[in-house]
Structure formats: structure tokens, C-alpha cells
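To start, the structure under review is shown below, and the notes come after it.
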Amino acid sequence: MSNETIAAAGSGRPDRSEESTWAAVDEYFSAALVGEDDELAAVERAAEAAGLPPISVSAAQGKLLALLVRSIGARRVLEVGTLGGYSAVWMARAITRPGRLVTFELEPHHAEVARANVDRAGVGGLVDIRVGPAADGLRALLDERPEPFDFAFIDADKASNAVYLDYAVRLGRPGTLIVVDNVVRGGRVLHSADEASEGVRRLVDTLAGRADVDSVAVQTVGGRGYDGFILARINERRSPDSGH
Ligand code: SAH
Ligand code: DHB
Ligand code: MG
């Protein structure tokens with residue numbers, strides 16, 4: 001082990017050479033398997049040109065979302081945190097038609113960029129971008145009594161993760177999958193007092209206490225560093241006399 005590796009080990013920070021290996025391996029698999037096309041690359045370029053922060057999911061993560069959406073034949077997808085629409089385009093393409101993706105975004109500028117991006121990518125007809133604080137938007141959506149959502153991707157302000165999870169469950173049905181991004185945060189989830197880490201721990205406590213949702217956390221490394229996601233699934237309802 002290099003001195004740098006030893007120093008990094010106790011700090012929860014990876015050493016630089018490890019990070020560049022993660023990125024290189026991510027690129028290797030992505031180039032071979034992910035198939036990010038020109039339309040998706042254009043979404044990222046447009047977001048960058050518009051000054052949006054470079055915090056969308058990676059190509060591999062986008063592909064994973066698309067595979068999950070397609071695997072369950074999802075027609076209705078909920079997203080919290082649109083940014084420039086990169087994850088939205090991955091998921092919208094994978095939706096079983098006719099379908100709908102409703103996505104919430106706080107920042108009007110992000111929403112504008114995303115609108116142009118989903119339109120250019122040819123999925124604009126499926127995508128409903130709602131601007132404003134997601135908690136308000138989700139409350140309004142619930143009041144519309146919509147058809148249940150089959151899939152949800154939660155990727156906005158991490159402090160509100162538990163609130164968004166609760167809405168996603170209420171807007172879902174037994175079998176609905178819910179993915180929550182950025183739950184590891186370089187290991188900060190364990191002890192850090194920042195708002196985002198607190199929000200992730202609150203989410204984990206909520207999930208641990210819920211009998212109606214089953215879940216797992218998966219740690220990831222790659223071009224976006226060391227992070228991870230939670231995959232949750234709404235359980236079938238148990239009848240009161242089923243004996244379980
Ligand atoms: N899912 C996107 C990345 C989302 S980044 C992708 O992978 O392509 C997180 C986004 O959540 C940012 O655009 C941010 O403006 C938005 N956000 C932050 N707080 C929010 C809130 N309270 N309600 C809705 N969106 C919010
Ligand atoms: C941040 C948000 C994200 O959704 C992400 O994937 C990475 C970083 C952030 O707010 O810094
Ligand atoms: Mg994210």
C-alpha cells in the first residue's frame with residue numbers, strides 16, 4: 001500500500017489512483033455495453049453549456065434505470081429532481097407506450113433546459129416537467145388521484161429523501177420500484193452531520209421501520225466517485241387473516 005492509500009483509508013477518502021481506476025473501468029464498461037448515443041450526449045452538452053452543475057447520473061446509471069423501467073414494463077414513471085433531463089431521457093425511452101414521466105424540478109432554468117432536451121431527444125410528448133418545490137408538487141399530484149406509478153427515481157435535495165419516499169409509496173402500487181440516488185456520499189452517510197447525510201439516514205430509518213416496503217442499498221464506484229443507491233419495492237398487501 002502506498003502512503004497515500006494508507007492516509008486515505010482512515011479518512012473515508014479514496015486515494016486518487018483508485019478514483020482514476022474507478023473512472024477508467026466505468027468508461028471501459030460503458031463504451032462496450034451502455035450505448036450512450038448522440039442524443040444523450042447532446043443532453044449532457046446542452047446542460048453544461050447552460051451552466052447546470054455536472055451532477056446527472058452517469059451513463060451506466062442511466063442505463064441501469066432504463067433496464068429497470070423496461071424490465072417491469074413501466075408505463076408511468078415519477079422523478080424527483082430533473083436537472084437537465086439526462087436521467088429523464090434514459091427512463092422515458094424505456095417506458096412502455098403509451099406512457100408518462102412526471103418529473104419535478106425546483107429551478108425554472110433547469111426545467112427550461114430539460115424541456116428543450118427531452119423535446120430534442122424525441123420523448124417530449126411523454127414528459128411532464130413540473131416546476132417548484134417537489135414536496136408541494138407531489139402533494140398536488142396526489143390530489144389529482146392519478147393512476148399508480150410503476151417506477152420512481154428520487155434524486156433531488158437529499159434532506160427531503162424520506163418525504164419523497166413517502167409520496168412515492170403513496171403514488172405507487174404493490175410492485176412499484178423506487179430508486180434513491182446518492183445514499184453513500186463517499187461514506188459520509190455513516191457519520192457526517194451535513195444535511196444531505198442526515199437526510200439519507202432519516203430515509204434509511206424510515207425504510208427500516210416500514211413493513212410495506214422492501215429495500216436494499218448498493219454501493220457504487222465509477223466516474224461519479226464513491227456513492228450508491230437504494231432500490232426499494234412496494235410489497236404486495238397482506239390480507240389481515242393471511243396468517244403471516
Ligand atoms: N436526475 C437528474 C439529476 C438531478 S440533480 C439526472 O440524473 O439527470 C438534483 C436536482 O434536484 C437539481 O436540478 C435541483 O435543482 C433539484 N432540486 C433541489 N431541490 C429540489 C426541490 N425541493 N424540489 C425539486 N427539485 C429540487
Ligand atoms: C449532487 C446531487 C446529485 O443528485 C448527484 O447525483 C450528485 C451530487 C449534489 O447536490 O451535489
Ligand atoms: Mg443524483
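Because only heavy atoms are used, hydrogens play no part in the values below, and waters and symmetry mates are left out as well, while side chains stay in.
Looking at R210 and D166, a side-chain N of the basic residue comes within less than 4.0 Å of a carboxylate O on the acidic one, giving a salt bridge. Look at D150 and R173 and you find a salt bridge, because one of the NZ, NE, NH1 or NH2 atoms lies within 4.0 Å of a carboxylate O, short of that distance. Salt bridge present: R130 and D128 bring a charged side-chain N and a carboxylate O closer than 4.0 Å. Ion pairing between E195 and R185 fails under the 4.0 Å rule for side-chain N and carboxylate O. Salt-bridge annotation for E198 and R201: present, with a side-chain N of the basic residue lying under 4.0 Å from a carboxylate O of the acidic one.
With hydrogens and angles left out, the side-chain atoms of Y86 and E36 include a donor and acceptor closer than 3.5 Å.
The closest donor-acceptor contact from the side chain of R238 to the backbone of D212 lies at 3.5 Å or more, if one exists at all. A donor-acceptor contact shorter than 3.5 Å links the side chain of R224 to the backbone of V57. Remark: the backbone N or O of T220 is not paired with any side-chain donor or acceptor of D227 at under 3.5 angstrom. Listed for the S197 side chain is no donor-acceptor partner under 3.5 Å among the backbone atoms of A193. For T82 (side chain) and A111 (main-chain N/O), no donor-acceptor pair under 3.5 Å exists by modelled atom type.
Annotation for R237: atom CZ does not count as buried by contact number, only 12 or fewer foreign heavy atoms lying within 6.0 Å. Enclosure of atom CD in E236 by more than 12 non-hydrogen atoms of other residues, nucleotides or ligands within 6.0 angstrom is indicated. The number of heavy atoms from other shown groups lying within 6.0 Å of CG (D37) is above 12.
Among the candidates I154, L138, L101, I178, the single residue satisfying the side chain to side chain contact (heavy atoms under 4.5 Å, CB included) test with L78 is L138. Checking each of L207, I230, N182, L203 against N161 for a side chain to side chain contact (heavy atoms under 4.5 Å, CB included) leaves exactly one that passes, namely L203.
Side-chain contact between W22 and Y226 is present, with at least one heavy-atom pair separated by less than 4.5 Å. For the pair P148 and L171, the minimum side-chain heavy-atom distance is 4.5 Å or more. Looking at heavy atoms from C-beta onward, Y164 lies in side-chain contact with D157 at the 4.5 angstrom threshold. You'll find the side chain of P54 stays beyond 4.5 Å of the side chain of E48, heavy atoms only.
The CG atom of D194 sits 6.0 Å away from the CZ atom of R188 when rounded to the nearest 0.5 Å. Here the CZ atom belonging to F153 is positioned 13.0 Å from the CH2 atom belonging to W90, to the nearest 0.5 angstrom. Residue H110 holds its NE2 atom at 6.0 Å from CD of E105, rounded to the nearest 0.5 Å. The structure places CZ of R202 at 8.0 Å from OG1 of T206, a figure rounded to the nearest 0.5 Å. Between atom CD of residue Q61 and atom CG of residue D181 there is a gap of 5.5 Å, rounded to the nearest 0.5 Å. Interatomic distance, CZ of R76 versus OG1 of T176, reported as 10.5 Å (0.5 Å rounding).
Of all heavy-atom pairs between A46 and N117, the closest is CB-OD1, 3.4 Å. Counting all heavy atoms, side chain and backbone alike, V34 lies closest to A59 at CG1-O, 3.6 Å. Looking at every heavy atom in both residues, G124 comes nearest to R115 through O-NH2, 3.0 Å. Pairing each heavy atom of V213 with each of A232, the nearest pair is CG1-CB, 3.7 Å. In plain terms, the two heavy atoms of R75 and R97 that are nearest each other are NH1-O, 2.9 Å. The shortest non-hydrogen separation linking A168 to I234 is O-CD1, 4.2 Å.
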Exercise. Carefully, step by step, assess I95 and M91 under the rule side chain to side chain contact (heavy atoms under 4.5 Å, CB included).
Key: CA-CA 6 Å; I95 283 177; M91 294 190 289; 5.6 Å; no
Exercise. Begin from the C-alpha positions of S215 and R233 and carry the test side chain to side chain contact (heavy atoms under 4.5 Å, CB included) through to its verdict.
Key: CA-CA 6 Å; S215 57; R233 179 182 179 276; over 6 Å; no
Sequence neighbours left out, cut at 3.5 Å: what donor-acceptor pairs do the side chains of residues 64-74 make with other protein atoms?
residue	atom	partner	partner atom	Å
R70	NH2	R93	O	3.0
S71	OG	L67	O	2.5

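Hydrophobic clustering (side-chain heavy atoms under 4.5 Å, transitive across Ile, Leu, Val, Met, Phe, Trp, Tyr) keeps V89 apart from L83. V102 and V77 are members of different hydrophobic clusters when ILVMFWY side chains are connected at heavy-atom separations under 4.5 Å. Residues V179 and F104 do not share a hydrophobic cluster, clusters being chains of Ile/Leu/Val/Met/Phe/Trp/Tyr side chains in contact below 4.5 Å. Follow the hydrophobic side-chain contacts under 4.5 Å out from I129 and you never reach V113; the two are in separate clusters. Note on V80: it clusters hydrophobically with V204, by side-chain heavy-atom contacts below 4.5 Å among ILVMFWY residues.
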